[in-house]
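Read the structure below first, then the notes.
All values derive from a computational prediction rather than experimental measurement. Every chain is numbered from 1 and lettered A, B, ... according to where its sequence line falls, protein lines coming before strand lines.
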Amino acid sequence: MYRRIKGTKDILPDEVAQWQYIEKFISERLERNNYREIRTPIFEMTELFARGVGADTDVVSKEMYTFTDKSHNSLTLRPELTAPVARAFIQNNLSQISPVTKVYYIGSLFRQERPQKGRLRQFNQFGFEIIGSEYPEADAEVIQTMYDIYTQLGINDLVVRVNSIGSRESRKQYLEVLRFALKPYIRDFCSTCQERMDKNILRLFDCKIENCHKILDEHAPSIIDHLDVEDAQHFEEVKSLLDAAYVPYEIDNKLVRGLDYYTRTTFEITSSLLGAQDAICGGGRYDHLVGDLGGTPTPAVGVASGMERLLLILNELQAIPPKETNLIYMAVIGDIARQVAFNISTTLRSRGFTVEVDFLRRSLKAQMRDAGRKGAKWVVIIGENEINNNKILLKNMSTGEQRKILLSSAVDQIEATII
RNA sequence: GUGGGUGUAGCUCAGGUGGUAGAGCGACAGGUUGUGGCCCUGUUGGCCGCGGGUUCAAGUCCCGUCACUCACCCCA
């Protein structure tokens with residue numbers, strides 16, 4: 001038997017209805033902020049991610065689906081969407097259309113990791129980006145909008161965590177201070193942390209080992225205290241905008257994030273309803289990405305949210321309304337009746353109704369049972385008696401009431417009754 | 001890559017100390033010459049993940065293997 005690839009998922013019809021619900025909700029909500037959808041290719045040159053996301057990050061160094069095509073190009077299934085969007089922004093000269101570009105996306109991403117709750121190898125994110133503004137109101141809008149989407153969907157146990165990791169310049173100075181402060185304790189850290197001390201010291205804060213944590217708590221200077229004047233001012237304004245919008249948040253000065261492109265604001269929103277992977281979205285400011293990818297340096301801020309994790313929460317909360325059906329079921333008995341039913345259903349469909357006809361030539365009882373199970377609101381019954389009398393039956397499944405209607409004007413009468 | 005848990009009917013799961021399989025739900029049908037939901041009855045349905053070993057005998061014990069799952073690292 002063939003099985004699906006590890007870390008992938010079949011989304012069956014019942015669940016597709018849920019996906020359609022949140023996709024529609026998200027796009028309608030984002031278009032109210034005048035974000036416009038962008039769709040980029042599923043794969044890109046490997047180099048884009050190495051340069052954009054950072055060659056030393058875990059995502060790039062060990063989680064990418066990379067392959068060589070027949071032209072010997074190294075291609076990669078996209079593991080994230082900010083770099084592709086930045087590439088599209090540059091390549092299509094979007095900055096020339098408007099000084100600020102606001103786009104959103106919904107799509108599949110690929111990372112080869114061990115699957116677990118809320119983490120698949122092919123997974124879906126929606127996200128949005130504001131490219132072209134360096135001001136804190138852009139940061140605040142991104143955070144506030146995502147928070148608003150979640151609460152409007154019915155989630156209320158959210159924790160918004162924000163931090164500022166400074167500009168590249170101020171961070172460089174902070175890292176010097178940090179390295180100097182931790183140097184005396186280098187032997188006390190775990191081996192991963194000792195490696196990171198040289199490669200990417202900021203990610204020491206990602207370590208979950210208690211002892212490492214303890215050393216950091218006792219001896220690491222806070223990044224917030226080492227922001228330069230502009231960074232600090234920016235961060236203050238982001239916070240006061242969030243206050244003004246009544247977005248509750250916590251400052252978490254250990255929130256660094258595993259992708260290299262972030263500057264200044266970083267944030268994530270977590271939910272206790274998820275498992276160990278409790279971040280439902282993550283994002284931040286990335287003022288150098290566009291420039292690093294060869295475009296005119298352009299400040300930007302954005303966020304990405306995991307769709308599977310969102311669905312996990314919404315199902316836990318039973319916050320997805322059932323899909324409304326307005327099904328008309330044609331129950332038929334006999335060859336002539338089948339002919340007639342075929343024509344009537346075709347006409348009804350052309351007028352916009354949802355119509356299903358029995359395909360198994362089953363007993364009327366079986367067809368009624370089938371109609372009930374499928375949630376049909378109405379059943380049209382056509383048997384030999386009906387054909388002989390030129391009158392067919394229209395049954396209301398919720399009241400059980402049924403009436404005879406003239407076969408010659410059946411469609412018009414069905415339409416008049418149902419609407 | 002590392003560790004834990006689990007693999008028995010379409011689904012959720014029972015199956016002390018080894019004796020060649022069961023329930024609930026579902027599906028199908030009957031109880032109503034042609035009428036759903038509730039109820040009753042019946043039917044259908046499984047090389048017990050796969051391979052090997054011990055044994056007169058293995059779903060059950062041993063070894064291996066694969067899959068799924070949760071967690072670690074990291075991320076959404």
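- Aromatic ring centres of H219(A) and Y185(A) lie closer together than 6.0 Å.
- Of the nucleotides present, rA23(B) is the one that pairs with rU12(B) by Watson-Crick or G-U wobble criteria, both distances under 3.5 Å.
- Within the nucleic acid shown, R369(A) comes within 4.0 Å of sugar-phosphate atoms alone, with no base atom in reach, counting heavy atoms only.
- The two residues Y21(A) and A319(A) have their closest heavy-atom pair at OH-O, 4.1 Å.
- Within the nucleic acid shown, I382(A) has no heavy atom closer than 4.0 Å to any nucleic acid atom.
- When the C1' atom of rG1(B) is taken as reference, atom NZ of K62(A) falls 8 Å away, rounded to whole Å.
- The separation of rG64(B) from rU54(B), taken at their C1' atoms, amounts to 15 Å, rounded to a whole angstrom.
- Going from the C1' atom of rA27(B) to that of rC70(B) covers 33 Å, rounded to whole Å.
- Nucleic acid contact class of R121(A) (heavy atoms, under 4.0 Å, all strands): none.
- Taking a pair to require two hydrogen-bonding distances under 3.5 Å in either a Watson-Crick or a G-U wobble arrangement, rA58(B) remains unpaired.
- The aromatic ring centres of Y286(A) and Y261(A) sit less than 6.0 Å apart.
- Using a 4.0 Å heavy-atom distance criterion, A304(A) is classed as a sugar-phosphate-only contact.
- Separating the CZ atom of R78(A) from the P atom of rA76(B) is a distance of 15 Å, rounded to the nearest angstrom.
- Using a 4.0 Å heavy-atom distance criterion, R373(A) is classed as a sugar-phosphate-only contact.
- With C1' as the reference atom, rC38(B) and rU32(B) are 15 Å apart, rounded to whole Å.
- Of the C1' atoms belonging to rC73(B) and rC13(B), the separation is 34 Å, rounded to the nearest Å.
- At the heavy-atom level, Q367(A) lies nowhere under 4.0 Å from the strands shown.
- At the heavy-atom level, K6(A) lies under 4.0 Å from the strands shown only through sugar-phosphate atoms.
- Residue G127(A) is classed as having no contact, given no heavy-atom separation below 4.0 Å to the nucleic acid.
- Residue E386(A) is in base contact, counting any heavy-atom pair closer than 4.0 Å across all strands shown.
- Under the 30°/60° scheme for interplanar angles, the aromatic rings of F128(A) and F126(A) are found to lie parallel.
- With a cut-off of 3.5 Å on both pairing distances, rC47(B) has no Watson-Crick or G-U wobble partner at all.
- The base-pairing partner of rA71(B), taking Watson-Crick or G-U wobble contacts with both distances under 3.5 Å, is rU2(B).
- A donor-acceptor pair under 3.5 Å is absent between the side-chain atoms of R285(A) and the main chain of R264(A), judged by distance alone.
- Note on N385(A): a base of the nucleic acid sits closer than 4.0 angstrom, heavy atoms only.
- Comparing the P positions of rC50(B) and rG59(B) gives a spacing of 11 Å, expressed to the nearest Å.
- In this entry the distance linking CD of E113(A) with P of rU2(B) reads 16 Å, nearest Å.
- Both distances falling under 3.5 Å, in either a Watson-Crick or a G-U wobble arrangement, place rC28(B) opposite rG42(B).
- Look at the C1' atom in both rG26(B) and rU44(B): the space between them is 12 Å, to the nearest Å.
- Across the P atoms, rU12(B) and rG49(B) are found 15 Å apart, a figure rounded to whole Å.
- Residue K365(A) places its side chain closer to rU35(B) than to any other of rA76(B), rG1(B), rU35(B).
- Checking rC68(B), rG36(B), rC72(B) against every side-chain atom of R114(A), the shortest atom distance belongs to rC72(B).
- One interatomic measurement links the two molecules: CG of D58(A) to P of rC73(B), which rounds to 11 Å at whole-angstrom precision.
- Between the P atoms of rG24(B) and rG31(B), the separation comes to 23 Å (whole Å).
- Considering only residues two or more places apart in sequence or on other chains, S363(A) meets the side-chain hydrogen bond (donor to acceptor under 3.5 Å, both in side chains) condition with none of them.
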